[in-house]
Each structure stands twice: as structure tokens, then as C-alpha cells.
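Reading through the C-alpha cells given below for one structure.
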Amino acid sequence: MVSRRLKGFRDIAAADVLARDRMIVAIRGVYERYGYVPLETPALEYVDCLGKFLPEADQPDGGIFAFKNEDDEWVGLRYDLTAPLSRYVAMNPELPKPFRRYQIGPVWRVEKPGPGRFREFQQCDFDSVGTGSMLADAEACMVMCDTMTALGVSAKDFVVRINDRKVLNGVLESMAGPGEPLPPELASNVLRSIDKLDRVGLDGVKALLGPGRKDESGDFTKGVGLRPAQIDLVLAYLSIKASTRSNVCDELERLVGSSAIGREGVDELRQIDAALNAAGYDDRRVVIEPTVVRGLAYYTGPVFEGVLTFDIVDEEGTKRPFGSVFGGGRYDDLVERFTGQKMPATGSSLGVDRLLAALKAIGKVDATSSTAWVLVTRLDKNLTAHYQAIASELRGSGVNTELYVGTQGIGKQFKYAGDSGKIVAIVVGEDEIKSESVSIKDLRLGVELSKEIGADRKKWLEQQPAQFSAPRSQLTEAVKKVLLRYTR
RNA sequence: GCCGACGUAGCUCAGUUGGCUAGAGCGCCUGCCUGUGGAGCAGGAUGUCGCUGGUUCGAGUCCAGCCGUCGGUACCA
């Protein structure tokens, strides 16, 4: 058998699992602070409940992992947590509305994997179903801000950017002109081009909207083929820069002109602005950003994304922006697909894996891979009963403790303790038994001091500066004192 | 999905125009040191040269296909 692993899937070692778990605890804490309740749904769904199905081909859309079950029905791994939520709400009409749930779990997508992009990854979603109030959308922005704060990201490193699909539609409408509606296919191509702004720049978008664009590798992307006047309108829209949310709304209002849908969108943004102001989330933390489009599928109103604003330096030394970790918006038609009844909903999703990668890049996560802080060594294997007693005592007082169950000598045991991330090693031999004491070694202090060992190892061994003796009766107190040096 | 680059010890990489038993640094392991990891010294193992086939007297080196990684592009619910 050859050991191999599916492309885009990964093994996640202790340090990352532990770091991610700590993050999730913080994230749940924020979601629950706002009153969202947890929900779990299956990994597998009928493919038609996932939203994507190619009826003419009688098989699922590429992009989802799918197979036929024993009854010859197409089932697939969920690719997000929103479609299952819609299905759940449709199946449980008695739920009190608004229904506000959060869900944390893996999703699967057949996509080209890249750095920080996988085919299996964790999402942390929170949504409000059953209200069309902009209060819910404004709250989503607040939750995003609070979550990042709880994860130790300072306000200057994170910003929520919002926009409204109705505004975009308004622009498209006024672009088409009276009696000449924009074909839906064309409209979605325009949105797709706008979505590429941060990658290709304003000139790139201009080219994409017109004849097409050739990138540096010589690849040519076919353009949308708009008329120059139409392109200018889109560019004017994208170029809106304003100091405050309300100023942006004024600009947008001017641009959408007489479009009813556009005006409605601006009004929604104004309501969100008002709610945010009342709750104390100012113009620096949540900005209205006309260039935000987001996954073109089912969003019907406000869309938002949470963006890390710092650059990370990759291994080549190249700076690159980290980009969006939170994404969401309003999807008023999704539940209706199941029930036929109007059921407005809005919410947002956090990509924990991406965020973890970002926090690692700025050194905001400690990379410990151990769960025990103390190793009880076995100097004299005949004294194992004593060692077990010591380990039990420490565990009983809440100190995570590992008893060395290997077979090697004391030197190797210290190396193991250090390599496996322990903070303290306990040594007891005949001497300690006689004097009713324990020897406690601060492994990290040892590492520090060892930088100055020099050539005189003999002296080092005699002095053992990182080690001290404590009465056996004060074992726990002494150990805890050392642990406190490293605040965990 | 499409285009391109790359693929040699665990890691970072050398490896001449095809030519003897494939190298360095770091890391790892062992000993000096059977009550002490981190210093020093001495030693040791690193490996299907991505895989498969082809050209050749001979392939890490040349050719083809495949796999993988990276970059660009498309898609991204």
C-alpha cells in the first residue's frame, strides 16, 4: 500500500488543531454573546438541496464532491453551511422567527487548491433567518468586528466593507438606459469583472468591460463588450471615494439616478449606517465600499466582507495583502426555493483556516503542540510507583501532566520533554526520596541559560541553574509557580 | 479546467558538454557522559535523484507521458 493523500486535503498536526480550537472557543463566545444558538447538520445532503444541479446532464455540477447512493440518488458533501440552513428552516416551520443560529464545521469544494486554499476547510457561520430588517445586517457587521477583536486582531488591522446588490443593480439599470434592459447574462459578467478589481486594477476592469484583457502571461480574457459611455459609468461608480458612510451614500444616490432598485439599495445602506452609529461602530471599522460584489449567486441585498488590512510577507520576501476572511450578505430568496414562501435571511461566514494562517503570519498564535505542561521523568525505573503518585497528584490539582512511559535514560527524557513542548520536568531519585524533596527543572529557562554554557559543561552540570529543589509536600505549589512564568 | 516553471537526503540547495561506489550546510542519530536535553569533540545514517517508459555502451543530466508543487488565468454557490 502506498501512503498518499487526496489533493487539497490535509493532515493537521497538534499545534494547528490546538490553535484552531482556541480560536473557535473565542468565536463561539462572540456568536453566543449575540444570542445565536448552535446547529449541526449532516456533511452529506441530497445534491438538489445543495443548490447546484445540472438537470440536463442529470448529474451534479462540478465543484461539489458527489456520488450516487445505494438507491441511485445523487448525494454530495455540503460546500457551504447556508444551503443546509435553508433546508433546515424549511423543514422546521415551527421555529420561532427570527431564527438565529451559528454553525461551525467543515465544508468541501472541488476547486484548485492553493496556499491557504483547500478542498476541505472549516467555516464558522452565523445567520438570522426570518427578518428583512437591516438591523440584522448591521448586527452582522458588529459580530464580525467583535469576533476579530476577540481573536486579538486590533481594529486597525481589520475592516468590514459593505455594499448592496440593489445598488449594483441600480447602476446596471441606469447603464442600460430606458427601453434597453441589460440581459442577465451580461449583467452577471459585469459584476464578475468588477469583482476582479483588486487583482487587475481599475485599468484591468476597464479592459474587461470593453474588448477584453491580456494579462502579463499573455493570456487573453474575453471582455464584456460594453460601450464606452457605459464603461465610464461603471468606472465612475468604482471610483467613488468618500470619507464617511453617509457621504458614500450621497454619491451612490447620485449615480443610481432614477433607478428605483438602486434607491432602495442606498436606503438600506443608510439604515445600516444608522444602526452602526447607534451601536458605536464608526466609519473606520465599517466602510461602505462600492467595489464589494461577492459571490454572485444568491445575494439579494447588503453584502459584506471582513478584510485583514495588513500585508503578509511570503517566503520569497514578497509582500501581499491577506484579504478577506469573513464573507456574507443577505439572501432573501434561498429558503423560498424550498417552501415557496418568502423567508428573508442574512448572515456571514468566517474561514477559520485562512484566518489561522493570517494570525500565524503576524505571530498572533502561540505554536505549542503539547497538551501537558509537566513531564514526570523516570530516573530510577524501580521508583515508578512514586512517579505515578506524583503525576496523579499534579493532575488532581489541575496541572496537565505526562508520565514518561518510554524506556530511555534520563538524558533522553529531558530531550523528549523539551522537544514535546513541556515546561517543567520533575526528577526524583534516591536522593530526593531520602530528603523528602523533588527536583523541578524549568526547561525553558534552561534553554535560555544554555545559550551561555560555553565550553564548561562540567560546571553547568554541577550547577544546574534552571533546576531547583522543593519539599515533596509543596510539589504542586512549586510546579505552579514555574508554570506561571509562562502564563498559559 | 487552460497556459507556464519547477521536482536531488527531513530542510535549503550543489552536481561541469551524458562518464566510476551521488555531495555540502543545517537538522537527525550514536558515543565521550549508566542522576540531567540544550556547549564541545568524535563518529554515523541519510536518497527508488518525483514516477513510468524511451534514446544511449552508459541517464540525476537528453526525449515523451503521467503525478506533484508553485505561478498566472478561468471558476468559486
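Naming convention: chains lettered A, B, ... in sequence-line order (proteins, then strands); numbering from 1 in each chain. Just so we're clear, the structure is a prediction, and the values are computed from it rather than from any experiment.
Of the P atoms belonging to B/rU8 and B/rU16, the separation is 15 Å, rounded to the nearest Å.
Among the nucleotides B/rA77, B/rG37, B/rG35, the one closest to the side chain of A/Leu461 is B/rG37. The side chain of A/Arg117 lies closest to B/rC75, out of B/rG37, B/rU73, B/rC75. The side chain of A/Lys412 lies closest to B/rU30, out of B/rC76, B/rG35, B/rU30. For A/Lys196, counting side-chain heavy atoms from C-beta on, the closest listed nucleotide (B/rA77, B/rU36, B/rA74) is B/rA74. Nearest nucleotide to the side chain of A/Glu432, out of B/rU73, B/rG35, B/rG37: B/rG35. Here the side chain of A/Gln464 is nearest to one of B/rG38, B/rU69, B/rA74, namely B/rG38. For A/Arg457, whose side chain is taken as the heavy atoms from C-beta onward, the closest listed nucleotide among B/rG35, B/rG37, B/rA74 is B/rG37.
Shown here for A/Asp332 and A/Thr300, the closest heavy-atom pair between the two residues is N-OG1, 3.0 Å. A pairwise comparison of heavy atoms in A/Asn92 and A/Tyr88 identifies ND2-O, 2.8 Å as the closest pair.
We find that CD of A/Glu111 is positioned 8 Å from P of B/rA77, with the value rounded to whole Å. Put simply, CD on A/Gln123 is 11 Å from P on B/rA77, counting in whole angstrom units. For the pair A/Arg192 CZ and B/rA77 C1', the computed distance is 12 Å after rounding to whole Å.
Because its NZ or CZ atom is both nearer than 6.0 Å to the ring centre of A/Tyr486 and within 45° of the ring axis, A/Arg444 counts as a cation-pi partner of that residue.
Contact between the side-chain N/O atoms of A/Lys415 and the OP1/OP2 oxygens of B/rU30 is not found at any separation under 4.0 Å. Between A/Arg199 and B/rA74 there is a side-chain N or O to OP1 or OP2 distance below 4.0 Å. One finds no side-chain N or O of A/Thr221 lying less than 4.0 angstrom from the OP1 or OP2 phosphate oxygen of B/rU73.
Across the interface with RNA chain B, nearest-nucleotide mapping of A/Leu443 and A/Val427 shows A/Val427 to be the residue nearer the 5′ end. Place A/Gly8 and A/Asn189 on RNA chain B by their nearest nucleotides, and A/Gly8 ends up nearer the 5' end.
Using a cutoff of 4.0 Å between basic side-chain nitrogens and carboxylate oxygens, A/Glu305 and A/Arg294 are scored as salt-bridged.
Using a 4.0 Å heavy-atom distance criterion, A/Asp419 is classed as making no nucleic acid contact. Residue A/Gly446 is in base contact, counting any heavy-atom pair closer than 4.0 Å across all strands shown.
Contact annotation: side chain of A/Lys441 to base of B/rG37, donor-acceptor pair present below 3.5 Å. Judged by atom type and distance alone, A/Lys112 reaches the base of B/rU73 through a side-chain donor-acceptor pair under 3.5 Å. For A/Gln467 and B/rU36, a side-chain-to-base donor-acceptor distance below 3.5 Å is present, hydrogens and geometry of angles not being considered.
Using a 30° and 60° split on the angle between ring planes, A/Phe126 and A/Tyr31 fall in the tilted class, from 30° to 60°.
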Q | Chi angles and distances behind the side-chain hydrogen bond (donor to acceptor under 3.5 Å, both in side chains) call for A/Glu139, A/Ser128 | A | CA-CA 10 Å; A/Glu139 186 185 79; A/Ser128 297; 4.5 Å; no
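Between the side-chain ring of A/Tyr79 and the base of B/rA77, a stacking contact exists by the 5.5 Å and 30° definition.
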